[in-house]
Number of protein chains: 2
Amino acid sequence: MTDLEDERAATTPRRRDAAKTRQLLLDAALQRFTRDGYSATTVRDIADDAGVNVALISRYFKSKEGLFEACLTSSVDEVKRTTGDSPLSRTPEAIARQIAGPCTKGLPHHLVLLLRSSGDEGADRIRLNLLRSYAERLAAAVGGSADDEGMLLRAQVVLAAAAGIALLRTKSGLEPLASATEEDLVPPLRDLVDALLKPH
Amino acid sequence: MTDLEDERAATTPRRRDAAKTRQLLLDAALQRFTRDGYSATTVRDIADDAGVNVALISRYFKSKEGLFEACLTSSVDEVKRTTGDSPLSRTPEAIARQIAGPCTKGLPHHLVLLLRSSGDEGADRIRLNLLRSYAERLAAAVGGSADDEGMLLRAQVVLAAAAGIALLRTKSGLEPLASATEEDLVPPLRDLVDALLKPH
DNA sequence: TTTTGAAGTCAACGGATGTTTACTAAGCGA
DNA sequence: TCGCTTAGTAAACATCCGTTGACTTCAAAA
């Protein structure tokens with residue numbers, strides 16, 4: 001109460017900020033959808049996590065489907081932003097570390113979200129586009145030519161493997177996989193990437 | 001109509017056969033749960049697929065959860081039956097071929113079901129047990145000792161990769177992965193298995 | 001043929017879910 | 001300060017979901 005004016009002076013945090021609550025909903029939805037899947041999460045769950053009224057989901061995203069699509073595009077944007085439009089890390093070591101990284105921290109893995117389905121056609125299109133571009137850049141990063149179908153297939157296998165690992169790690173308590181550290185996980189993953197994406 | 005008596009004489013196909021309808025429900029549920037996941041599947045969907053009344057699910061399996069658990073144990077039994085209690089195929093080639101098999105049947109199908117979750121504790125225990133035993137046998141098949149944590153982790157990574165590939169193949173239309181033939185898929189997978197499970 | 005227990009049907013229930021509507025209140029410009 | 005736009009709230013609605021209980025029908029035993 002006393003420093004309310006200071007806060008307002010600092011960043012103008014309006015008590016009612018549409019952009020802010022929209023982002024809160026998006027973050028909460030991302031976690032829920034990634035962890036529990038689309039149909040297992042309710043809009044009330046998301047709203048409660050965000051500390052926000054349920055009706056605001058319909059207002060800001062039109063529907064649960066719309067919120068899910070927003071999560072997907074948000075994930076797309078973040079991947080594009082963090083990795084830029086440059087090719088992915090070139091060494092198998094770096095790729096392996098990228099796969100193992102988010103899992104070992106608390107972060108929801110983008111690849112796991114891509115395994116979730118809402119049954120909606122628009123969402124499926126977004127998902128497919130991201131998967132495609134990801135695989136293509138992965139193939140290009142190790143020197144595969146654009147029209148090398150074999151290398152593209154191998155890149156997609158790497159992607160699928162990474163997604164499966166992330167999913168199994170978080171969803172099942174399979175030990176030692178579930179609580180393996182990044183250091184534990186990188187060597188096998190490096191071997192995996194190395195074997196699948198070697199330029200030969 | 002004419003050979004009705006022959007049928008009855010042959011296998012006694014009672015018009016009302018509890019075991020038969022139970023199996024119909026189990027088959028339909030297996031397909032639905034594997035393809036759409038637990039919470040996206042309704043008991044009415046399953047009953048309709050099986051051509052059976054909805055109430056019979058509660059009768060024969062007590063609940064939707066019970067039906068899901070029955071699916072899991074059925075999957076466990078079939079895996080045990082097809083692969084026997086003998087160690088898995090020893091060569092990376094054979095393992096790869098098993099992973100690359102038809103997604104609508106066989107090992108990939110079962111692995112995808114294992115990625116599905118109902119949130120129920122009993123179901124999770126069943127799933128975990130199957131995953132564990134599978135990983136252990138996979139580690140043993142390539143000569144890993146029972147207490148080699150590193151090799152066990154690598155076997156679990158192979159398992160997770162196989163599951164992810166199966167899931168991505170069936171759920172997303174990612175090409176060329178989605179419609180890759182077994183022959184297309186075996187070489188990369190052989191490399192994958194080889195790199196992860198080499199005895200060294 | 002009659003009886004009896006099991007197999008299957010039907011309709012309704014309580015509850016949860018996504019969405020909408022009518023309403024309140026806060027912030028900003030005039 | 002007043003008024004208007006917009007953020008947020010509360011409650012209800014319509015629908016769907018899993019489950020239950022009473023009823024009917026079939027087939028095998030007596």
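In what follows, chains carry the letters A, B, and so on, assigned in the order in which the sequence lines appear, proteins first and then strands, with residues in each chain numbered from 1. From a predicted model like this one, the values you see are computed outputs, not experimental measurements.
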K.L.:
Round to the nearest Å and state the distance from A/Arg22 atom CZ to D/dG8 atom C1'.
P.N.:
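Those two atoms, CZ and C1', are 16 Å apart.
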K.L.:
Using atom CG of A/Asp48 as one end and atom C1' of C/dA16 as the other, report the distance to the nearest whole Å.
P.N.:
14 Å
K.L.:
For DNA chain D, determine which residues of residues 113-125 of chain A have any heavy atom closer than 4.0 angstrom to one of its atoms, and list them numerically.
P.N.:
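Those residues whose heavy atoms fall under 4.0 Å from DNA chain D, taken from residues 113-125 of chain A, amount to none.
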K.L.:
Between D/dG8 and A/Thr21, is there an OP1 or OP2 to side-chain N/O distance shorter than 4.0 Å?
P.N.:
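Checking D/dG8 against A/Thr21, a side-chain N or O does come within under 4.0 Å of OP1 or OP2.
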K.L.:
When the side chains of residues 23-31 of chain B are checked against the rest of the protein, which donor-acceptor pairs come out under 3.5 Å, sequence neighbours left out?
P.N.:
unit_1	atom_1	unit_2	atom_2	d
B/Gln23	NE2	B/Asp27	OD1	3.1

K.L.:
I'd like to know if B/Arg154 pairs up with A/Asp191 as an ion pair, taking the criterion as any Lys NZ or Arg NE/NH1/NH2 lying under 4.0 Å from an Asp or Glu carboxylate oxygen.
P.N.:
yes
K.L.:
Taking atom C1' of D/dT9 as reference, at what distance in whole Å does atom CG of A/Leu25 sit?
P.N.:
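The answer, rounded to whole Å, is 14 Å.
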K.L.:
Just the rounded figure in Å: distance from P of D/dA27 to CG of B/Asp17.
P.N.:
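Atom-to-atom, B/Asp17 to D/dA27, this comes out as 11 Å.
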K.L.:
Kindly confirm or rule out a cation-pi arrangement of B/Lys64 over B/Tyr38, judged by NZ or CZ under 6.0 Å from the six-membered ring centre and within 45° of its axis?
P.N.:
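Yes, B/Lys64 and B/Tyr38 form such a contact.
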K.L.:
Tell me every residue that passes side chain to side chain donor-acceptor pair (under 3.5 Å) with B/Ser39, counting only those two or more places apart in sequence or in another chain.
P.N.:
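Side chain to side chain donor-acceptor pair (under 3.5 Å) list for B/Ser39, sorted by chain: A/Ser39.
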K.L.:
Starting at the 5' end of nucleotides 17-22 of chain C, put B wherever the base has a protein heavy atom under 4.0 Å, S where only the sugar-phosphate does, and a dash everywhere else.
P.N.:
BBBB--
K.L.:
Once you round it to whole Å, what is the distance between P of C/dA16 and CD1 of A/Ile46?
P.N.:
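Interatomic distance, CD1 of A/Ile46 to P of C/dA16: 18 Å.
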K.L.:
Who are the side chain to side chain donor-acceptor pair (under 3.5 Å) partners of B/Asp48, not counting sequence neighbours?
P.N.:
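So B/Asp48 forms no side chain to side chain donor-acceptor pair (under 3.5 Å) with any residue.
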K.L.:
With respect to the side chain of B/Leu56, which nucleotide from C/dA25, C/dT9, D/dT25 is positioned closest?
P.N.:
C/dT9
K.L.:
So that I can tick it off, tell me whether A/Asp194 and A/Arg190 are bridged by a salt bridge, with the cut-off set at under 4.0 angstrom between side-chain N and carboxylate O.
P.N.:
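No salt bridge links A/Arg190 with A/Asp194.
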K.L.:
Thinking salt bridges, do B/Arg97 and B/Glu93 make one under a 4.0 Å N-O criterion?
P.N.:
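Judged by the 4.0 Å cut-off on N to carboxylate O distance, B/Arg97 and B/Glu93 do form a salt bridge.
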K.L.:
Send over the distance from A/Lys20 NZ to D/dG8 P, rounded to a whole Å.
P.N.:
12 Å
K.L.:
Round to a whole Å and report the spacing from CZ of B/Phe61 to P of C/dG8.
P.N.:
12 Å
K.L.:
Is the backbone N or O of A/Arg35 less than 3.5 Å from a side-chain atom of A/Lys171, with the two atoms forming a donor-acceptor pair by type?
P.N.:
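Yes: the side chain of A/Lys171 pairs with the backbone of A/Arg35.
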K.L.:
Please tabulate, for side-chain N and O atoms in residues 66-77 of chain B, each donor-acceptor pair with protein atoms closer than 3.5 Å (sequence neighbours left out).
P.N.:
unit_1	atom_1	unit_2	atom_2	d
B/Thr73	OG1	B/Glu69	O	3.3
B/Thr73	OG1	B/Ala70	O	3.0

